[in-house]
Amino acid sequence: MTHPVPPPAPRLTRAALDHGPLELAPRLLGLMLVHESDAGRVAVRLTEVEAYAGEGEDPGSHAFRGRTPRTSVMFGSPGHLYVYFTYGMHWCANVVCGPDGTAGAVLLRAGTIVDGTELARSRRAGSTRGRQPLADRDLARGPARLTTALGLDGAANGVDLCDPAGRVWLAPAPAPRAAPPAVVIRRGPRVGVSGPGGDAGRYPWRFWLDGEPTVSPYRPGVRRVRR
DNA sequence: GCTGCGATTGACT
DNA sequence: GTCAATCGCAGCT
């Protein structure tokens with residue numbers, strides 16, 4: 001008995017991702033990030049992203065002070081994932097962009113689950129100790145939540161999103177059944193960035209889909225006070 | 001080697 | 001609204 005071979009999952013090519021962070025960020029909105037693991041597949045439609053530029057030009061970027069072991073992926077070729085660990089417990093995922101040798105990335109801040117909702121919920125429930133029932137809109141609302149829902153962590157750092165055999169990829173937005181709704185993209189200051197990089201006037205580098213319930217409320221960066 | 005702190009989240013007042 | 005959790009990175013001595 002033969003099994004039908006499923007068609008290859010559509011995924012974005014490297015050329016489609018080969019832009020600077022400010023050009024790529026709004027283009028990522030509405031696309032799907034998919035992770036297929038042994039546990040199953042989760043797909044997230046991206047609703048909120050932030051652009052981070054490179055060495056010496058963006059004080060909010062990890063790459064501002066130059067290449068380090070942690071940020072080397074950001075300096076690599078576009079279309080790879082940059083996943084970093086923060087606050088001692090959270091993973092956040094970026095899409096690397098811009099030409100090889102320059103640092104640029106787009107942080108994936110939020111999305112809505114469009115496939116694998118139950119798997120995403122079980123992953124998120126594990127991280128919240130199951131104390132609160134999780135609404136669908138909260139499953140991938142926030143960069144660390146999105147990463148958790150997709151099942152991504154440090155093992156995904158450096159993964160090539162454009163590898164046809166890869167298990168993490170970006171897919172085009174699903175075709176609307178009827179007339180496409182008017183999509184309004186908004187932009188504003190980045191969330192949680194302290195110091196000059198949080199300057200709302202100079203760095204309005206957060207992009208989101210207007211009206212999406214998964215988008216973060218704005219929170220300025222805070223400098224912790226020593227005690 | 002030592003120290004400060006972060007592209008966050010969830011719990012709590 | 002406030003605050004703690006928790007640890008790797010990067011800057012400094």
Side-chain angles (χ1 to χ4, degrees), chain A residues 21-22 24-26 28-29 33 44 46-75 80-98 103-111 120-135 137-158 187-200 202-208 214-227:
Chain A
L22 280 170
L24 180 64
L28 291 181
L29 294 173
L33 181 64
V44 170
L46 301 173
T47 58
E48 182 187 4
V49 298
E50 282 178 358
Y52 286 86
E55 187 171 3
E57 51 181 324
D58 177 7
S61 171
H62 288 169
F64 180 62
R65 294 171 201 281
R67 190 174 195 143
T68 67
R70 177 170 70 147
T71 61
S72 62
V73 173
M74 276 184 79
F75 287 80
H80 290 73
L81 269 187
Y82 166 49
V83 183
Y84 69 89
F85 187 61
T86 191
Y87 289 100
M89 65 196 94
H90 297 304
W91 296 97
C92 296
N94 298 247
V95 175
V96 173
C97 61
V106 179
L107 171 68
L108 308 178
R109 285 201 59 89
R121 189 188 307 281
S122 68
R123 285 170 172 154
R124 290 274 290 115
S127 71
T128 58
R129 288 167 280 173
R131 287 192 182 182
Q132 293 210 345
L134 278 168
R137 64 179 297 207
D138 290 330
L139 292 176
R141 187 190 199 195
R145 293 165 169 180
L146 182 148
T147 307
T148 298
L150 279 165
L152 299 174
D153 59 19
N157 189 40
R187 68 183 287 180
R190 296 179 293 194
V191 173
V193 178
S194 59
D199 185 326
R202 288 174 61 196
Y203 302 97
W205 288 2
R206 180 166 66 114
F207 299 82
W208 67 93
T214 50
V215 172
S216 318
Y218 175 64
R219 208 166 18 81
V222 288
R223 186 168 289 277
R224 287 199 298 188
V225 182
R226 282 186 53 75
R227 55 171 60 224

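In what follows, every heavy atom counts, from backbone to side chain, and hydrogens, waters and symmetry copies are set aside. Given the structure is predicted, the values throughout are model-derived calculations rather than measurements.
Between B:dG10 and A:R145, a contact under 4.0 Å exists linking OP1 or OP2 to a side-chain N or O. Close to B:dT8, at under 4.0 Å from its OP1 or OP2, lies a side-chain N or O of A:R109. Within the 4.0 Å cut-off from OP1 or OP2 of C:dA10, at least one side-chain nitrogen or oxygen of A:T68 is found. Note on A:H62: every side-chain N or O is 4.0 Å or more away from OP1 and OP2 of C:dC9. Within the structure, a side-chain polar atom (N or O) of A:R70 is placed less than 4.0 Å from OP1 or OP2 of C:dA10.
The aromatic rings of A:Y82 and A:H62 sit perpendicular, their planes meeting at an angle over 60°, well past the 30° parallel limit.
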Evaluate side chain to side chain contact (heavy atoms under 4.5 Å, CB included) for A:S216 paired with A:R141, printing each intermediate quantity in order. CA-CA 7 Å; A:S216 318; A:R141 187 190 199 195; 5.8 Å; no
Check the pair A:R109 / A:V49 against side chain to side chain contact (heavy atoms under 4.5 Å, CB included), numbers first and verdict last. CA-CA 5 Å; A:R109 285 201 59 89; A:V49 298; 5.8 Å; no
Worked check of side chain to side chain contact (heavy atoms under 4.5 Å, CB included) between A:L152 and A:L146: CA-CA 9 Å; A:L152 299 174; A:L146 182 148; 5.8 Å; no
Might you work through the side chain to side chain contact (heavy atoms under 4.5 Å, CB included) test for A:Y84 and A:N94, ending with a clear yes or no? CA-CA 9 Å; A:Y84 69 89; A:N94 298 247; 3.6 Å; yes
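With both ends at atom P, the span from C:dT6 to B:dC2 equals 23 Å, rounded to whole Å. Comparing the same atom, C1', in C:dG1 and in B:dA7 gives a spacing of 23 Å after rounding to whole Å.
Rounded to a whole Å, the CE atom of A:M89 is 15 Å from the C1' atom of C:dC9. Between the P atom of B:dA11 and the CG atom of A:D138 lies a distance of 12 Å, rounded to the nearest Å. Between A:F85 atom CZ and B:dC5 atom P the separation is 19 Å, expressed in whole Å. Between A:M74 atom CE and C:dA10 atom P the separation is 12 Å, expressed in whole Å. In this structure, A:L81 atom CG and B:dA7 atom C1' are separated by 15 Å, rounded to whole Å. Atom pair A:E48:CD and B:dA7:P shows a separation of 16 Å (rounding to whole Å applied). Going from atom CZ of A:R65 over to atom C1' of B:dG4 covers 13 Å, rounded to whole Å. The nearest whole Å value for the distance from the NE2 atom in A:H90 to the C1' atom in B:dA7 is 12 Å.
The ring of A:Y52 lies on top of the base of B:dA7, close enough and flat enough: under 5.5 Å between centres, under 30° between planes. A stacked arrangement is assigned to A:Y87 and the six-membered base ring of B:dG6, with a centre-to-centre distance below 5.5 Å and an interplanar angle below 30°.
A:R190 comes within 4.0 angstrom of nothing in the nucleic acid, heavy atoms only. Within the 4.0 angstrom heavy-atom criterion, base atoms lie near A:G60.
Nucleotide C:dA4 is matched to B:dT9 when pairs are restricted to Watson-Crick or G-U wobble geometry with both distances under 3.5 angstrom.
A salt bridge links A:D58 with A:R190: the closest approach of a Lys/Arg side-chain nitrogen to an acidic carboxylate oxygen falls below 4.0 angstrom.
The side chain of A:R219 sits closest to B:dT9 out of B:dT9, B:dG6, B:dA7.
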